[in-house]
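First comes the structure, then the notes that go with it.
Lettering of chains follows the sequences in order, A, B, ..., and the numbering in each one begins at 1.
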Amino acid sequence: MHRDKLKEILAAVLKVKPEEINDKSSPENIPGWDSFNGLMLVTELEKAFNVKFSIDEIIAVKDVKDIKESLRRHGVDI
Amino acid sequence: MKVAVAGTFTLHKLQPMLEEGGKSEDVSIQARVYTSYNLCADEICNKASDLNGFRPDVLFILLDIRSLIPEYLGLAHTSKEEKKRIIADKLEYIKRLAAIFMENNSGAMLVIHNLEIPAYSPLGILDKKVEMGMKDCIRMLNTSLEEEFRNQKSVYVFDYDGFLSKHGKKSAFDPRFYYLADMKLHDGMMRELAKEYMAYIKPLKRLRKCIVLDLDNTLWGGIVGEDGFDKIKLGPTPPGNAFVEFQKILLALFEKGIILAINSKNNLEDGLKVIREHPHMILREKHFSTMRINWQDKAANLKEIAEELGIGIDSIVFVDDDKLNRLRIKSVFPEVLVVELPEDPSFYAETVMELNDFNTLQLTEDDKSRGRMYAEERQRKELQSKFSDMAGFLRELQIKVEIEEANSFTIPRISQLTNRTNQFNLTTRRYSEAEIERFSQDRNCYVCSIKASDKLGDNGTVGCAILKIQGDDAIIDTFLMSCRILGRQIENAFLSHLLERAKSRGVSRVIGEYMPTKKNEQTREFYRDGGFFLIEKKDDGYARWGLDVSSYQIAYPDFIEVMREVSADA
């Protein structure tokens with residue numbers, strides 16, 4: 001369930017289809033993923049999963065796998 | 001409409017939000033956002049910049065405190081002289097930006113943010129104990145900013161500090177986003193900021209003049225016809241106090257010049273009894289320009305109200321607790337602003353306060369007395385019904401008109417009339433105050449306005465005209481009358497005055513233009529009726545009419561007393 005929610009948010013913010021998203025999706029291969037949308041992603045994820053990322057975590061995220069790991073660190077089962 | 005924002009930090013999302021906001025208001029907005037501290041000033045000052053090439057109708061300048069006064073925390077400890085110097089310097093900087101923009105973009109509007117008053121001061125609880133504490137310095141700068149632009153036309157100060165307070169300074173700022181992306185205003189706030197900006201944009205497009213109100217469960221709780229006069233909820237205790245508060249807001253809007261009217265499905269006697277006799281009613285009969293308390297269809301009532309008041313349907317705001325009524329009005333008159341009143345009356349007042357649709361760009365004396373003037377109008381209609389012939393009625397009214405050449409007192413109202421008048425307006429040309437001022441100083445232009453009064457009251461300034469001399473011709477660029485005084489031949493007296501004026505300037509021919517719009521059909525034959533002959537007519541309905549004034553005998557309606565100012569060039 002959490003995975004679907006994550007995909008939904010990524011798809012909505014980055015303007016891609018949910019099925020195009022995998023662990024390796026990153027700013028390198030998704031054109032809509034610029035630094036600005038990256039921050040929007042932060043806002044949306046924090047709202048949806050009720051967590052708060054540190055600035056280090058935000059800077060460290062390189063792909064979807066990193067997002068999942070961050071969420072797990074905050075206790076989200078994903 | 002072209003809208004530009006020059007700010008000192010990341011504001012990307014504001015651009016789509018503004019364009020989106022325009023769509024919902026039926027204004028097509030093209031927005032450009034320029035950010036970063038230096039860029040903002042560069043864009044304004046450099047004549048070849050993208051901003052100056054864009055030629056915006058409105059520019060918003062958003063200078064945030066961290067960029068404008070990087071040393072602001074130090075204000076806590078510097079000497080009084082130094083504080084004063086900093087405040088004066090920063091004010092001077094903003095003044096210069098404003099002056100340069102206005103010079104390069106005449107006719108445009110400028111909105112400058114005031115500064116956020118920081119929630120933190122290093123002086124802590126003593127910030128208020130020292131003379132010119134840190135927060136006080138920023139407050140003083142804000143006050144100077146307001147004073148500086150108070151009387152400057154087309155320049156407005158936006159209360160950004162108030163905006164941040166409303167939403168909470170803490171939630172409006174996320175330090176992580178500030179450090180990562182120089183966002184000094186949280187992304188989620190952009191929609192709210194765009195909404196505030198719309199308050200300046202909407203009056204350029206259209207003005208909402210009248211609130212049409214339901215009675216049961218809107219002005220009071222419960223249904224008077226079923227619950228009874230003394231059982232409705234209205235008074236100092238809950239839940240009646242929410243309705244009292246709501247009425248107070250409506251009264252305040254009435255006093256600002258908004259027209260109030262009633263559209264209610266009720267027995268007339270039941271409704272009137274509450275309005276006249278209920279001890280806790282705030283709004284009384286004298287506040288309502290007209291009342292439709294009957295069992296007719298609400299849409300039909302609404303149309304009658306607009307016709308009776310002589311206002312456009314699109315200037316109406318409809319307030320009704322019933323969803324079906326709201327849907328009905330929306331479907332019949334999509335141009336009416338239908339307020340989504342919440343279920344809970346506790347939020348009625350707040351909902352109306354959130355509407356930023358009642359703004360005018362100037363507040364003239366006429367605005368303030370509009371409510372009273374509409375009440376007098378009701379009496380005039382009563383008087384008219386006693387006369388079988390129109391001429392007798394007009395004579396009985398003892399109409400006086402006063403025609404005045406444009407001056408600093410009348411220019412705001414003249415500009416406002418050009419922007420507001422849709423129906424009796426021959427050319428519907430919209431002019432800013434600055435433009436009217438320019439015409440009034442031009443030797444080849446004559447700008448005037450007309451005031452009307454009669455034995456039942458003062459109508460204030462009800463019309464204006466602009467005459468442009470071109471060689472042997474005088475062209476009537478603008479001729480308009482507020483429709484609430486039509487039918488009394490005041491427009492004929494006004495036209496005669498213009499002809500006389502043109503004649504005294506030595507022209508041989510006066511040319512009147514008619515430019516058709518959806519709303520000014522009634523003026524199509526105005527010049528023909530005034531004795532003009534048709535010069536040309538285009539397929540789109542545009543027509544030019546001419547009158548040879550050198551041989552024309554100018555006449556005034558004999559029941560109107562005309563007073564004129566002494567001509568400046570006589």
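Listed by first and then second residue, the ring-ring contact (aromatic ring centres under 6.0 Å, His included) pairs involving residues 42-69 of chain A are A:His2-A:Phe49, A:Phe53-A:His74 (not counting sequence neighbours).
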Using only the distance criterion (under 3.5 Å, no hydrogens considered), which donor-acceptor pairs connect chain A with chain B?
| unit_1 | atom_1 | unit_2 | atom_2 | d |
| --- | --- | --- | --- | --- |
| A:Glu46 | OE1 | B:Arg176 | NH2 | 2.9 |
| A:Glu46 | OE2 | B:Arg176 | NH1 | 2.5 |
| A:Glu46 | OE2 | B:Arg176 | NH2 | 3.2 |
| A:Phe53 | O | B:Arg176 | NH1 | 2.5 |

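Between A:Leu10 and A:Val16, the shortest heavy-atom distance links the atoms O-CG2, 4.5 Å. Pairing each heavy atom of B:Gly133 with each of B:Leu123, the nearest pair is CA-CD1, 4.4 Å. The nearest pair of heavy atoms linking B:Leu59 to B:Ala6 is CD1-N, 3.9 Å.
A search for salt bridge (charged side-chain N to carboxylate O under 4.0 Å, His left out) contacts involving A:Asp23 returns A:Lys68, not counting sequence neighbours. When the side chain to side chain contact (heavy atoms under 4.5 Å, CB included) test is applied to B:Ala242, the partners found at least two apart in sequence or on another chain are B:Pro345.
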